[in-house]
Amino acid sequence: MLDYTILKLVWWLLVCVLLIGFAVMDGHDMGVGALLPFVGKTDDERRVLLNTVGPHWEGNQVWFITAGGAIFAAWPLVYATAFSGFYFALMAVLWALFFRPVGFEYRSKMADARWRTAWDWGLFVGGAVPALVFGVAIGNVITGVPFHFEDSMMPVYTGSFWALFTPFALLCGVASLSLLLFHGANYLQLRTEGVLAERARTAALMFGLVLVLVFSLGGVLAAGMQGYQITSSVVPGAAVSPVGKTVVMQAGAWMNNYHAHPWTWALPALAYAGIVLGLLAARQRKPGLAFIGSGLACAGVILTAGAAIFPFVLPSSSNPGHSLTVWDCVSSQRTLNIMFWVALVMTPIVLAYTSWAYRVMRGKVTLAQVQAHGKALY
């Protein structure tokens, strides 16, 4: 059995990998959905866009489901606390996601223009709302969530739904939405041609610039805000209670890891490098390179936030000592060990299958194909 400290760190990394996988794979699907009513001007054009992601979106959504399952199994206290505090926000995400499977399956069942337009906007909601809310959730994690534990270890959320939408959280929401729109637009450049590819290119350039601005502003604000720091001793390899530590709030504390470990500056550098690569490649009409760039940006943005708040996973603004960290929110050593070996076997299989599926379905989706195959496509 692996060392408990190592397992705690490994599962922090694995959760990061799953979130990156979700942002890269399902993120471009959501970006395409959010761009659908704007990049596609006619019914046939929108069908082209839908068929670029149609064969893959269900498989890509597995990353989201797996990330949720991993948090439930590896970090049960985080799952319980976050799903209690963010209940209505997460329900809004689920309600928005309902439009995706129904929209894909039923949009083209009728030729009525009003029917199809309604589902197009439903797919827009299914792409844009989750992207925005996920960013808002990350913003709340960075600023702290108002919760505490009772004597029975029952988490109690003391905030409200509307309190989640602070200016900083909304800024993070805009960053998340612009990131996935940037990524989705680059994917559309890669899979379409002609006027559709040009509209997608314009969208990629626009949202890439927005992303640079909001990511930079968010970094400046996070560097100066009240962060969290553990001041009591920590025993990483022990099974400890999340309420047995001392945590203080200090201005600029979220920069401590970057000051203590200079190599972590490579993470925001990766985000900026990915954005710049995506923008330059889009400008030069190199969609494959642009898609790689926005994928790197997804990884860099997520890792930048993760490195800043480590070892915190869910800080508490109302009782900092009850904040959840990598060391005290985890399952037992045996559970983490079993899950580790399962992940070690299954993750390469998922990656191999996903790579094969994209290889088989590679190439451009054209108006001629959609018009020729009729009901055989979305």
Side-chain angles (χ1 to χ4, degrees), residues 18-40 46 49-50 52-54 56-69 71-72 79 82-109 114-141 145 157 159-166 169-185 187-188 203 207 210-211 214 298 301-302 378:
L18 290 171
L19 293 176
I20 291 169
F22 167 63
V24 173
M25 302 307 299
D26 208 21
H28 73 259
D29 293 348
M30 289 184 175
V32 170
L35 291 168
L36 181 65
F38 309 103
V39 175
R46 292 177 181 178
L49 304 187
L50 290 175
T52 63
V53 297
H56 307 294
W57 75 268
E58 289 176 291
N60 290 340
Q61 200 150 282
V62 170
W63 288 96
F64 176 53
I65 297 168
T66 305
I71 292 173
F72 170 76
Y79 186 91
F83 274 68
S84 296
F86 300 154
Y87 182 81
F88 289 108
L90 291 173
M91 286 302 295
V93 169
L94 291 176
W95 292 332
L97 288 175
F98 290 159
F99 286 108
R100 298 185 75 202
V102 183
F104 274 105
E105 295 299 328
Y106 284 94
R107 180 196 181 276
S108 296
K109 296 295 185 183
R114 291 172 299 177
W115 170 269
R116 293 187 173 185
T117 299
W119 285 117
D120 290 340
W121 284 106
L123 288 166
F124 163 80
V125 169
V129 170
L132 178 68
V133 174
F134 289 143
V136 169
I138 295 300
N140 277 275
V141 169
V145 180
Y157 177 71
S160 66
F161 172 74
W162 295 112
L164 296 174
F165 297 92
T166 63
L170 287 172
L171 181 69
C172 291
V174 173
S176 174
L177 178 59
S178 59
L179 173 62
L180 298 193
L181 288 170
F182 179 47
H183 195 41
Y187 179 76
L188 286 177
F207 289 112
V210 172
L211 177 59
V214 294
C298 291
V301 169
I302 291 172
Y378 288 104

Looking at [X] and [Y], what are the two nearest heavy atoms and their distance?
{"X": "Met30", "Y": "Phe22", "value": "CE-CZ, 3.8 Å"}
{"X": "Cys298", "Y": "Val24", "value": "CB-CG2, 3.9 Å"}
{"X": "Leu50", "Y": "Leu36", "value": "CD2-CD2, 3.9 Å"}
{"X": "Gln61", "Y": "Leu97", "value": "OE1-CD2, 4.4 Å"}

Notebook entry, point to check: More than 12 non-hydrogen atoms from neighbouring residues, nucleotides or ligands closer than 6.0 Å to CZ on Phe88, yes or no?
Noted result: no

Item checked: Other residues, nucleotides, ligands: >12 heavy atoms within 6.0 Å of Phe165 CZ -> yes

Item checked: Steps toward ring-ring contact (aromatic ring centres under 6.0 Å, His included) verdict (Tyr157, Tyr87) -> CA-CA 10 Å; Tyr157 177 71; Tyr87 182 81; over 10 Å; no

Checklist line | Residues which pass ring-ring contact (aromatic ring centres under 6.0 Å, His included) with Phe38, listed by chain and number, not counting sequence neighbours | finding: Trp121, Phe124

Margin query: Can you classify the ring geometry of Trp57 versus Phe104 as parallel (below 30°), tilted (30 to 60°) or perpendicular (above 60°)?
Written below: parallel

Note, [X] side chain near [Y] side chain (heavy atom, < 4.5 Å):
{"X": "Arg116", "Y": "Arg46", "result": "no"}
{"X": "Val53", "Y": "Asn60", "result": "no"}
{"X": "Leu49", "Y": "Leu35", "result": "no"}
{"X": "Val129", "Y": "Phe99", "result": "no"}

Measure the spacing between [atom1] of [X] and [atom2] of [Y] and express it to the nearest 0.5 Å.
{"X": "Leu123", "Y": "Trp119", "atom1": "CG", "atom2": "CH2", "value": "8.0 Å"}
{"X": "Asp29", "Y": "His183", "atom1": "CG", "atom2": "NE2", "value": "9.0 Å"}
{"X": "Ile20", "Y": "Met25", "atom1": "CD1", "atom2": "CE", "value": "13.5 Å"}

Next item on the list: Identify which one of Leu90, Val93, Ile138, Leu164 satisfies the side chain to side chain contact (heavy atoms under 4.5 Å, CB included) criterion when paired with Val133.
Entry: Val93

Check: Counting N and O atoms only, with roles assigned by atom type, does the side chain of Tyr187 sit under 3.5 Å from a partner on the main chain of Gly27, one being a donor and the other an acceptor?
Finding: no

Notebook entry, point to check: Donor-acceptor pair, Trp63 side chain versus Leu19 backbone, under 3.5 Å?
Noted result: no

Which atom pairs, donor and acceptor, lie under 3.5 Å between side-chain atoms of residues 174-182 and protein residues at least two apart or in another chain?
residue, atom, partner, partner atom, Å
Ser176, OG, Ala131, O, 2.6
Ser178, OG, Val174, O, 2.9
Ser178, OG, Ala175, O, 3.0

